[in-house]
Protein chains: 2
Amino acid sequence: MEKIQELQEIFLKEGLRYTKQRETIWQEINSSTEHRDAEDIYFTLKTRGVATSRATVYRTIEVLVRNNLVRALNIGDGRYRYENKLDQTHHDHLVCTECGKIIEFLNENVEQQQEQVARDHGFTLVRHIHQLFGVCEECQKN
Amino acid sequence: MEKIQELQEIFLKEGLRYTKQRETIWQEINSSTEHRDAEDIYFTLKTRGVATSRATVYRTIEVLVRNNLVRALNIGDGRYRYENKLDQTHHDHLVCTECGKIIEFLNENVEQQQEQVARDHGFTLVRHIHQLFGVCEECQKN
DNA sequence: AACTTACTTGAGACTCAATCTCAATTAAGT
DNA sequence: ACTTAATTGAGATTGAGTCTCAAGTAAGTT
Ligand SMILES: [Mn+2]
Ligand SMILES: [Mn+2]
Ligand SMILES: [Zn+2]
Ligand SMILES: [Zn+2]
């Protein structure tokens with residue numbers, strides 16, 4: 001994967017060393033399109049025989065998020081989920097309160113209105129959190 | 001305050017007793033329009049000489065939130081803020097990442113689009129979180 | 001008014017995600 | 001190979017929030 005070049009450059013730029021652990025954590029997060037928590041990533045690595053400590057998982061994710069290689073998602077249940085940003089454009093989330101399913105959406109209209117709201121209040125917009133909670137089609141049947 | 005009637009009815013409806021502690025916590029949250037965390041509410045009560053335990057603060061807030069007398073706000077920094085809902089209509093929040101200032105906004109267009117997004121994915125919308133993070137006018141000067 | 005009983009309270013133990021500590025290890029420049 | 005500062009891992013610590021349980025109390029009963 002040529003993206004590893006970019007990863008190495010990020011660490012270089014930050015004055016950090018390029019280690020096996022850091023690369024492995026990045027690969028694990030990029031191995032799926034799911035929204036996984038740190039504990040899940042930690043245990044999966046352990047199972048796959050390339051264990052790193054919890055501390056290193058958290059520390060590495062911090063760097064990846066800071067450099068926009070990974071996105072952190074807070075759905076209000078007390079733990080962050082992380083998702084890969086390879087080929088991913090910006091989107092927000094629709095969360096099923098019954099089964100936990102997460103669906104991604106993008107609404108240009110909303111994106112524009114957000115800029116407008118910020119402008120109206122003299123704010124320079126940096127980021128936003130927009131999450132819709134409801135019951136998905138399947139869960140409605142139960 | 002006649003709103004206390006409503007408070008008493010809520011506890012009655014839930015089969016809970018009406019106690020001094022519960023009333024005091026409700027009053028404290030309704031004494032300002034700020035967005036305060038549980039610890040702040042707990043310590044303010046302690047200072048005002050009408051101390052209740054932390055456990056009671058949390059337990060009471062839970063009931064108030066469940067009954068829409070108080071709104072819980074999660075801005076992603078690890079602790080919930082609570083705001084009174086007296087005379088408050090629905091709104092979302094604009095948060096300054098520098099000074100922590102919280103400004104309220106309502107954008108009907110966005111509210112409608114949210115319903116549309118949910119419909120498009122077959123979801124029954126229950127609630128949403130919409131927070132804009134940026135730098136406020138004052139903080140931009142520094 | 002005293003009695004009964006189930007609900008509530010408070011102090012502190014506990015949980016759990018996340019962060020910190022520090023000795024041992026290792027990346028990477030010379 | 002040598003040097004040295006960054007990194008790692010195990011486990012301790014933090015902090016918001018929850019739980020436990022003995023003591024206290026609201027409110028109905030006699
Ligand atoms: Mn996503
Ligand atoms: Mn508000
Ligand atoms: Zn569902
Ligand atoms: Zn500000």
Side-chain angles (χ1 to χ4, degrees), chain A residues 4 7-29 35-67 70 72-82 100, chain B residues 4 7-29 35-67 70 72-82 100:
Chain A
I4 281 186
L7 184 68
Q8 290 176 322
E9 280 160 24
I10 293 285
F11 283 117
L12 192 67
K13 181 189 63 121
E14 288 235 352
L16 300 172
R17 290 179 184 167
Y18 191 74
T19 67
K20 191 172 85 37
Q21 288 89 337
R22 285 170 175 167
E23 182 180 304
T24 305
I25 291 163
W26 176 80
Q27 285 179 327
E28 183 56 34
I29 296 176
H35 303 80
R36 303 161 67 199
D37 63 28
E39 203 67 6
D40 180 23
I41 294 162
Y42 167 66
F43 273 110
T44 304
L45 289 177
K46 180 172 271 185
T47 305
R48 293 203 1 228
V50 282
T52 64
S53 66
R54 230 177 289 258
T56 298
V57 169
Y58 278 105
R59 284 186 291 227
T60 300
I61 286 174
E62 189 186 0
V63 179
L64 297 176
V65 169
R66 184 168 60 240
N67 288 281
V70 162
L73 184 66
N74 180 340
I75 60 170
D77 66 351
R79 48 191 216 283
Y80 276 89
R81 314 301 165 99
Y82 303 96
Chain B
I4 282 186
L7 184 67
Q8 289 176 323
E9 281 161 22
I10 293 286
F11 283 117
L12 193 66
K13 179 187 65 115
E14 289 237 353
L16 300 171
R17 290 181 183 164
Y18 191 74
T19 67
K20 195 170 83 39
Q21 288 88 337
R22 286 168 173 167
E23 181 179 306
T24 306
I25 291 163
W26 175 80
Q27 285 179 328
E28 182 56 34
I29 295 175
H35 303 78
R36 304 161 67 198
D37 63 29
E39 203 66 7
D40 181 25
I41 293 162
Y42 167 67
F43 272 109
T44 304
L45 290 177
K46 180 172 272 185
T47 305
R48 293 202 3 227
V50 282
T52 64
S53 67
R54 227 177 292 258
T56 298
V57 169
Y58 278 105
R59 284 186 291 228
T60 301
I61 286 175
E62 189 187 0
V63 179
L64 298 177
V65 169
R66 183 167 63 239
N67 288 282
V70 162
L73 184 67
N74 179 342
I75 61 170
D77 67 349
R79 46 193 216 285
Y80 277 89
R81 314 302 166 98
Y82 303 96

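Lettering of chains follows the sequences in order, A, B, ..., and the numbering in each one begins at 1. Model, not experiment: these values are computed from the prediction.
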J.: In residues 36-54 of chain A, what residues come within less than 4.0 Å of DNA chain C, judged by heavy atoms?
T.: none

J.: Mind checking the OH-CD spacing from A:Tyr42 to A:Glu28? Nearest 0.5 Å is all I need.
T.: 13.5 Å

J.: For the CD atom of B:Gln27 and the NZ atom of B:Lys20, what is their distance to the nearest 0.5 Å?
T.: 10.0 Å

J.: Using a 4.0 Å cut-off on heavy atoms, which residues in residues 9-22 of chain A reach DNA chain D? List them by number, or say none.
T.: A:Leu16, A:Arg17, A:Thr19, A:Gln21, A:Arg22

J.: For a quick test of reading the model, state the closest non-hydrogen atom pair linking A:Ala38 to A:Tyr82 and the distance between them.
T.: N-CE1, 4.0 Å

J.: Give the first and the last nucleotide of DNA chain C, reading 5' to 3', that has any atom under 4.0 Å from a heavy atom of chain B.
T.: C:dA6 to C:dA11

J.: What distance separates B:Ile29 CD1 from B:Ile41 CD1, expressed to the nearest 0.5 Å?
T.: 4.0 Å

J.: Is the shortest side-chain N to carboxylate O distance from B:Glu14 to B:Arg66 below 4.0 Å?
T.: yes

J.: Residues two or more places apart in sequence or in another chain: which of them pass side-chain hydrogen bond (donor to acceptor under 3.5 Å, both in side chains) with B:Arg17?
T.: none

J.: Under the side-chain hydrogen bond (donor to acceptor under 3.5 Å, both in side chains) criterion, do B:Arg36 and B:Thr44 qualify, and how do the steps go?
T.: CA-CA 11 Å; B:Arg36 304 161 67 198; B:Thr44 304; 3.0 Å; yes

J.: Give the intermediate values and the outcome of side-chain contact (heavy atoms from CB on, under 4.5 Å) for residues A:Phe11 and A:Asn67.
T.: CA-CA 9 Å; A:Phe11 283 117; A:Asn67 288 281; over 6 Å; no

J.: Atom CD of A:Glu23 and atom OG1 of A:Thr60: how far apart are they, to the nearest 0.5 Å?
T.: 11.5 Å

J.: If you walk 5' to 3' along DNA chain D, what is the first nucleotide with an atom under 4.0 Å of a heavy atom in chain A, and what is the last?
T.: D:dA5 to D:dA10

J.: If the condition is side-chain contact (heavy atoms from CB on, under 4.5 Å), which residues does A:Gln21 pass it with, not counting sequence neighbours?
T.: A:Thr19, A:Thr52, A:Thr56

J.: Hey, which sits more toward the 5' end of DNA chain D by its nearest nucleotide, B:Gly78 or B:Arg59?
T.: B:Gly78

J.: Where do B:Ser53 and B:Arg59 come nearest, in terms of heavy atoms and distance?
T.: OG-NH2, 4.5 Å

J.: Run the salt-bridge test on A:Arg81 and A:Asp37 with the 4.0 Å N-O cut-off and return the result as yes or no.
T.: no

